Amino acid sequence: MKHNLKVDLNGLELKNPITVASGTYGFGREYAEYMDLNILSAISVKGLTLEPRKGNEGKRIAETPMGMINSVGLQNPGVYEFIRQEIPFLRQYDLKIIANINGNTIDEYCEIARILDQADVDSIELNISCPNVKNGGLAFGTNPKVVKEVVSKVRKATSKHLIVKLSPNVTDIKEIARIVEEQGANCISMINTVTGMAIDIHSRRPVLKRGSGGLSGPAIKPIAIKLIHDVYQTVKIPILGMGGIMSGGDAVEFMLAGASAIAIGTGNFVNPTLPKMALEGVTQYLEDYAYESTQHLVGDLR
Ligand SMILES: Cc1cc2nc3c(=O)[nH]c(=O)nc-3n(C[C@H](O)[C@H](O)[C@H](O)COP(=O)(O)O)c2cc1C
């Protein structure tokens with residue numbers, strides 16, 4: 001049977017449901033040596049800021065059982081260099097470009113969105129897990145009032161397809177999802193990393209120079225599945241799901257929970273050809289269980 005793998009993320013057409021997650025794929029250059037990037041339906045590029053950033057200093061990655069904790073920070077060449085150097089590189093491939101944006105302030109988010117509005121990107125993904133400098137460094141995405149303000153202002157700053165990426169580090173993710181939908185986002189991506197910490201018992205110091213970081217990988221998969229299931233029942237806009245996907249079977253699990261498409265993150269570090277394997281796995285599942293299209297899978301939880 002020929003399966004229909006296409007996905008419509010409410011205005012962003014994908015040729016298949018497999019994408020890669022921001023911060024785990026750079027701008028695709030390193031991975032192009034291992035896998036044909038044309039397999040991907042989209043790439044969410046490393047988090048962009050207005051100015052270039054070096055990221056955090058010292059040790060910034062710690063391995064943990066079934067995952068890793070990172071405090072890489074927003075190491076990136078800045079939005080202008082991205083437009084000059086990375087968009088032409090990515091345009092050699094048949095994939096959609098999702099620009100992941102980050103700011104210290106709401107004004108900064110809006111400025112990057114306005115700049116990208118004039119650039120050749122297919123979608124803007126608003127990472128609201130950044131610390132809000134004007135609000136004691138608390139992440140934008142944890143305060144419903146701030147979420148409302150940042151999403152509504154960025155929505156006005158661009159007419160591009162807009163994805164808002166949710167943090168799992170909140171009390172009520174459904175409330176946040178509802179606000180994001182009301183403020184005009186086209187799509188929700190979830191989940192970002194879960195806060196975590198590791199301690200070296202010999203030095204009795206945190207393993208990471210910054211103390212704590214974001215946990216990713218298979219360890220967070222059950223958290224992602226539960227939160228996606230909750231948000232799927234709360235909003236009508238589509239969900240781009242991520243959090244510990246390591247196989248085609250995992251991708252199917254996310255879709256059954258309610259994700260219309262998925263992103264592979266930490267799994268790329270373990271196996272740089274994982275997106276290809278995941279696509280094959282999803283296609284085989286459609287065949288085995290006689291689904292006509294991936295879209296029939298979405299939320300088909302019995
Ligand atoms: C090293 C690293 C860097 C990341 N950088 C970003 C980023 O710049 N922007 C963002 O929105 N998410 C970032 N993330 C979060 C991932 O995109 C993803 O949401 C998260 O890791 C969960 O998926 P996974 O378990 O498959 O990795 C980063 C994750 C890792 C591991």
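Since the structure is predicted, the reported quantities are computational estimates derived from the model, not experimental observations. Note that ligands are numbered from 1 as they come in the structure, with each ligand's atoms numbered from 1 the same way.
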Numbering as shown, the atoms of ligand 1 that approach [X] to under 4.0 Å (heavy-atom distance):
X: L74; value: 8 (O)
X: T266; value: 24 (P), 25 (O), 26 (O), 27 (O), 31 (C)
X: N70; value: 1 (C), 2 (C), 29 (C), 30 (C), 31 (C)
X: I220; value: 22 (C), 25 (O)
X: A21; value: 17 (O)
X: T193; value: 20 (C), 21 (O)
X: I191; value: 18 (C), 19 (O), 20 (C), 22 (C)
X: M242; value: 19 (O)

Taking distance alone, with N or O pairs closer than 3.5 Å, would you say [X] contacts ligand 1?
X: T24; result: no
X: G47; result: yes
X: N100; result: yes

Exercise for review: Please step through salt bridge (Lys or Arg N to Asp or Glu O under 4.0 Å) for the pair E253 and K221, ending with a clear verdict.
Suggested key: CA-CA 10 Å; E253 194 178 340; K221 197 187 92 180; 2.8 Å; yes
[atom]: which protein heavy atom is closest, and how many Å away?
atom: atom 5 (N) of ligand 1; answer: K46 NZ, 3.1 Å
atom: atom 24 (P) of ligand 1; answer: G244 N, 3.4 Å
atom: atom 15 (C) of ligand 1; answer: N192 OD1, 3.4 Å

Side chains of [X] and [Y], donor plus acceptor under 3.5 Å:
X: E125; Y: S189; value: yes
X: T158; Y: D117; value: yes
X: N76; Y: R53; value: no

Run down the list [options] and name the one with the heavy atom closest to [atom].
atom: atom 3 (C) of ligand 1; options: G55, G23, S216; result: G23
atom: atom 17 (O) of ligand 1; options: G265, G214, S22; result: S22
atom: atom 12 (N) of ligand 1; options: M246, K165, K221; result: K165
atom: atom 23 (O) of ligand 1; options: A263, S71, G243; result: G243

Practice item. Kindly work out whether a path of hydrophobic side-chain contacts (I/L/V/M/F/W/Y, heavy atoms less than 4.5 Å apart) joins V154 to V79. Key: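 Linked, V154 and V79 end up in one cluster.
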Review point. Please walk me through it: do N104 and Y109 pass side-chain hydrogen bond (donor to acceptor under 3.5 Å, both in side chains)?
Key: CA-CA 8 Å; N104 287 326; Y109 275 107; over 6 Å; no
Review point. Could D122 and R91 be called an ion pair, given the rule that one side-chain N must be under 4.0 Å from one carboxylate O?
Key: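 A salt bridge is present here (some side-chain N lies under 4.0 Å from a carboxylate O).
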Check your understanding: Any idea how F82 and F27 line up, ring-wise: parallel (<30°), tilted (30 to 60°), or perpendicular (>60°)?
Key ->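 Tilted.
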Review point. Under 3.5 Å, side chain of N271 to main-chain N/O of N268, donor-acceptor pair present?
Key: no
**Study point:** Y34 OH: over 12 foreign heavy atoms closer than 6.0 Å
**Key:** no
Check your understanding: Taking atom CD of E81 as the centre, does the number of heavy atoms from other residues, nucleotides or ligands within less than 6.0 Å exceed 12?
Key -> yes
